[in-house]
Protein chains: 2
Amino acid sequence: MNLRQLSEKLGLSQTTVSRALNGYPEVKEETRRKVIEAAARYNYHPDTRAQSLATGRAKAIGHVIPHSTKHEMVNVVFADFIAGAGETYAANGYELIMSMVSDEDEAKAYRTLAQKRSVDGVIVHGPTLNDPRIALLQEIGLPFVVHGRSSEVPHEYSWLDVNNTRALERATEFLIDLGHRRIALINGLESMDFALRRRRGYLNALETAGIAADPKLMSSAEMTEPYGYTMAQKMLDGQNPPTAFIASSIVIAMGVRRAIEERGLTLGKDISIICFDDAISYFPNGDGEPIFTATRSSVREAGRRAAEILLDQINDPTRKSRHELWEAELVVGRSTGPAPTTTPAQSPPQAAAGAPAPRT
Amino acid sequence: MNLRQLSEKLGLSQTTVSRALNGYPEVKEETRRKVIEAAARYNYHPDTRAQSLATGRAKAIGHVIPHSTKHEMVNVVFADFIAGAGETYAANGYELIMSMVSDEDEAKAYRTLAQKRSVDGVIVHGPTLNDPRIALLQEIGLPFVVHGRSSEVPHEYSWLDVNNTRALERATEFLIDLGHRRIALINGLESMDFALRRRRGYLNALETAGIAADPKLMSSAEMTEPYGYTMAQKMLDGQNPPTAFIASSIVIAMGVRRAIEERGLTLGKDISIICFDDAISYFPNGDGEPIFTATRSSVREAGRRAAEILLDQINDPTRKSRHELWEAELVVGRSTGPAPTTTPAQSPPQAAAGAPAPRT
DNA sequence: AATCATTTCCAAAGCGCTTTGAATTTTTAC
DNA sequence: GTAAAAATTCAAAGCGCTTTGGAAATGATT
């Protein structure tokens, strides 16, 4: 059933049927009612391709996912982000087109996508420091929104990010307030902008507290469970081990916990962990009570919102670029506690100012 | 730059340029060379929509992801599967269209997708027992491949599945051979076909060994870490606790381990775990040596292959439906060991026949 | 050199929709 | 009752591509 057939069935011209369906005012209400009713009865939906061709709008958003050929990693948070964005698209009649592309082909992929006109805009995932994709997309003239930010990019562009620096400052301060002085950071890949900002937040807080940063307590790599485990193992077994860990993701935190418990140490007593929790749907941080004390920000919600911003921008290209900086929430679980007192320390406050009190 | 402009630039007709680009024989080799070279220089790529409209083929595959409104879960393995499928699509010039849809709208989503003609076929994810989507898609006439299978469906259809029953038989036998008699199964949602089959395998092996199944040692729910933790906790603290757990996913297994270690028990000595490992990229089962003894099958590889089957089917609709049943590999890690001997038992064999010997 | 077969190229139709500009019908104003 | 205005409807063009049917150019055969 296509438009012609439908219009013949109704004894109307294609023009009128099209207008009735698309809500144009110049069609009698009764006619419109009949048309809509018939369309529903015959399950008529306009052919997307024909519609796009005629309107010049693809009604689709692209997500280019680079998959490194070296390590077969997919961006950890990508599934939930996409799920959120997908909800927005569905609600607005847009389709979501995903391109898997090996990372060296990424620039070409954007060019091709634009030239094939299969999308009206794209979401940029996982920005790095001074990410070249931003200049590229601006040159091409393809609307985009960045999930995250890219430091040192000279242009204006729209982004939605969580305040990674502040989140890690708070996490670090929280541990410092609990009396910890040897605090390790198991970070994500520091070619990623978010990881750089997290490290900065961590270093800021240490500096403010007058604690010297120890390179031996900082690491950076792809965020997997075994990575967390291996790093924690190494640090715990080294001399002058940390009393607390900050993990850049909940997956890393699980690995750190494994190393801790394997050593017969008690989490939240001998060693503390605090992590950045992206609130990934199948990795909930506990049912009710959080397993890990964490700075939390829903990546799914970010997906929903980033998609909205992009659609707004597509619908009104004159609009200035928009920025949204979300503060992560600090949730206190059972993975943190006062630093073990080898030398009797001043009684540390139990929670950071403004944070909810721990349940224990 | 569109076809008309390119052909003008070359002083050729659109027909010839189109044919040259699409590899038709009736064009001089030298002409073809010139055309291809010009296309590359001007970064010309045919407009997808126009191309689809003209050919009647969307050159796109749909993945409909139902997201329950109750629990905001995205299929756990979906990201890696999609990544694999996406590679196949990219290699064959297909696009991947994802639809997030609330599960009650799923049937309508398929109808709409077909009517809008935006895809040439779909992959069906997470089939349940007698999944209604299969009959629906057959009625609509939209080509599809199921990732997994649906028991009790009367029709023929293409699928790619891992032998879940056999995998769990082997896992269970492995534990039985190690002397375990109290073996718990922490399964996924048993409305899912794969979970049913896994339970069947588990029960088969118990029955063969003459061990009575204990409902208290079997559970079924959405596969999350806290679920594994909670169930293991309950079972370990109950009377007559299990000496071994079978987890239906590595995420569950992590929760089980947490409960075990929290109780000061040693994994692989006091309690064993074996899990089904989908080889998810950011959840590698250890670097080198596996953390968990597991039955393993790469879901990413499954994605690649399922996509191939679907594309074959689209390219040749007369082709009969295809089935591929993959055997999971049994990898032995450190999470399993002989059952603790409360009553001195006969020395159990260390590994199942045919399985690689454990490293320890 | 004329004829036929082959190779190479092209004009135009068509895919299913939107949208422009015009035609038709209905309503309003006098 | 008629002219002007407003409300409806429509025919046709166009979006950028593929493909059919045919024309032009080239090569082979006599």
Side-chain angles (χ1 to χ4, degrees), chain A residues 1-36 38-39 42-60 93-95 112-120 315, chain B residues 1-36 38-39 42-60 93-95 112-120 315:
Chain A
M1 173 71 56
N2 60 22
L3 184 61
R4 189 173 49 72
Q5 294 166 321
L6 183 64
S7 62
E8 277 166 8
K9 216 138 214 155
L10 281 159
L12 288 169
S13 74
Q14 298 189 33
T15 309
T16 306
V17 175
S18 170
R19 298 206 132 137
L21 256 23
N22 291 324
Y24 281 69
E26 57 271 71
V27 46
K28 214 197 308 188
E29 265 323 308
E30 193 201 331
T31 312
R32 187 193 305 280
R33 199 183 42 67
K34 274 190 211 153
V35 169
I36 289 177
Y42 297 113
N43 186 37
Y44 169 76
H45 294 272
D47 184 311
T48 329
R49 293 120 8 121
Q51 202 168 31
S52 300
L53 189 56
T55 59
R57 331 189 70 222
K59 285 297 217 107
Y94 275 73
E95 276 166 354
T112 307
L113 218 48
Q115 170 65 33
K116 292 168 85 175
R117 305 223 265 171
S118 32
V119 300
D120 295 325
N315 289 328
Chain B
M1 171 72 56
N2 60 21
L3 184 61
R4 189 174 49 72
Q5 293 166 322
L6 182 64
S7 62
E8 278 166 7
K9 215 136 215 158
L10 281 159
L12 288 169
S13 75
Q14 298 189 32
T15 310
T16 305
V17 176
S18 171
R19 298 206 133 139
L21 256 23
N22 291 323
Y24 281 71
E26 55 272 72
V27 46
K28 214 196 309 188
E29 266 322 308
E30 193 201 331
T31 313
R32 187 193 306 281
R33 199 184 41 69
K34 272 190 213 151
V35 169
I36 289 177
Y42 298 112
N43 186 36
Y44 169 78
H45 293 273
D47 183 312
T48 329
R49 292 124 3 127
Q51 202 168 31
S52 300
L53 189 56
T55 58
R57 332 191 68 223
K59 285 299 215 100
Y94 275 73
E95 276 166 355
T112 307
L113 217 49
Q115 170 64 34
K116 292 169 84 174
R117 305 223 266 170
S118 31
V119 300
D120 294 325
N315 290 327

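The basis for the numbers below is simple: all heavy atoms, side chains too, and nothing from hydrogens, waters or symmetry mates. Letters A, B, ... are given to chains in the order of the sequence lines, protein chains preceding strands, and every chain is numbered from 1. Because the structure is a prediction, the values reported are computed rather than measured.
Across A:V27 and A:A20, no two heavy atoms sit closer than the pair CG1-CA, 4.0 Å. When all heavy atoms of B:S52 and B:A58 are compared, the closest pair comes out as OG-O, 3.5 Å. Scanning both residues, A:P46 and A:Q51, for their nearest heavy atoms gives CG-NE2, 3.6 Å.
B:E95 places none of its side-chain heavy atoms less than 4.5 Å from the side chain of A:E95. Put simply, the side chain of B:Y24 does not reach to within 4.5 Å of the side chain of B:R32, judged on heavy atoms. Put simply, the side chain of B:N2 reaches to within 4.5 Å of the side chain of B:Q5, judged on heavy atoms.
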Each nucleotide in nucleotides 4-12 of chain C should get exactly one letter: B, S or -. Can you fill that in based on protein heavy atoms under 4.0 Å?
----BBBBB
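Listed by residue number, the members of residues 44-60 of chain A with any heavy atom below 4.0 angstrom from DNA chain D are A:L53, A:A54.
Listed for the A:R49 side chain is no donor-acceptor partner under 3.5 Å among the backbone atoms of B:T48. Listed for the A:Q115 side chain is a donor-acceptor partner under 3.5 Å among the backbone atoms of B:H45. Without hydrogens or angle criteria, B:S18 side chain to B:Q14 main chain gives no donor-acceptor distance under 3.5 Å. In this structure a side-chain-to-backbone donor-acceptor pair under 3.5 Å is missing from A:R117 to A:L53.
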B:R33 and B:E29: salt bridge (Lys or Arg N to Asp or Glu O under 4.0 Å), yes or no, with the steps?
CA-CA 6 Å; B:R33 199 184 41 69; B:E29 266 322 308; over 6 Å; no
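In this structure, the separation between OG1 on A:T112 and CG on B:N43 is 6.0 Å, given to the nearest 0.5 Å. Taking CD from B:E26 and OG1 from B:T31, the interatomic distance works out to 12.0 Å, rounded to the nearest 0.5 Å.
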For nucleotides 23-25 of chain C, list the nitrogen or oxygen atoms of the protein found under 3.5 Å from its nitrogen or oxygen atoms, one pair per line.
none

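At its two ends the helix from C:dA1-D:dT30 to C:dC30-D:dG1 runs along axes set 50° apart, each axis drawn from five pairs and the angle rounded to 10°.
In the 5' to 3' direction, nucleotides of DNA chain D lying under 4.0 Å from heavy atoms of chain B begin and end at D:dG16 to D:dG21.
Evaluation of the salt bridge (charged side-chain N to carboxylate O under 4.0 Å, His left out) test over residues 7-16 of chain A, restricted to residues two or more places apart or in two chains, returns A:R4-A:E8.
For the side-chain contact (heavy atoms from CB on, under 4.5 Å) criterion with A:R19, the lone passing option out of A:T15, A:V17, A:L21, A:N22 is A:T15.
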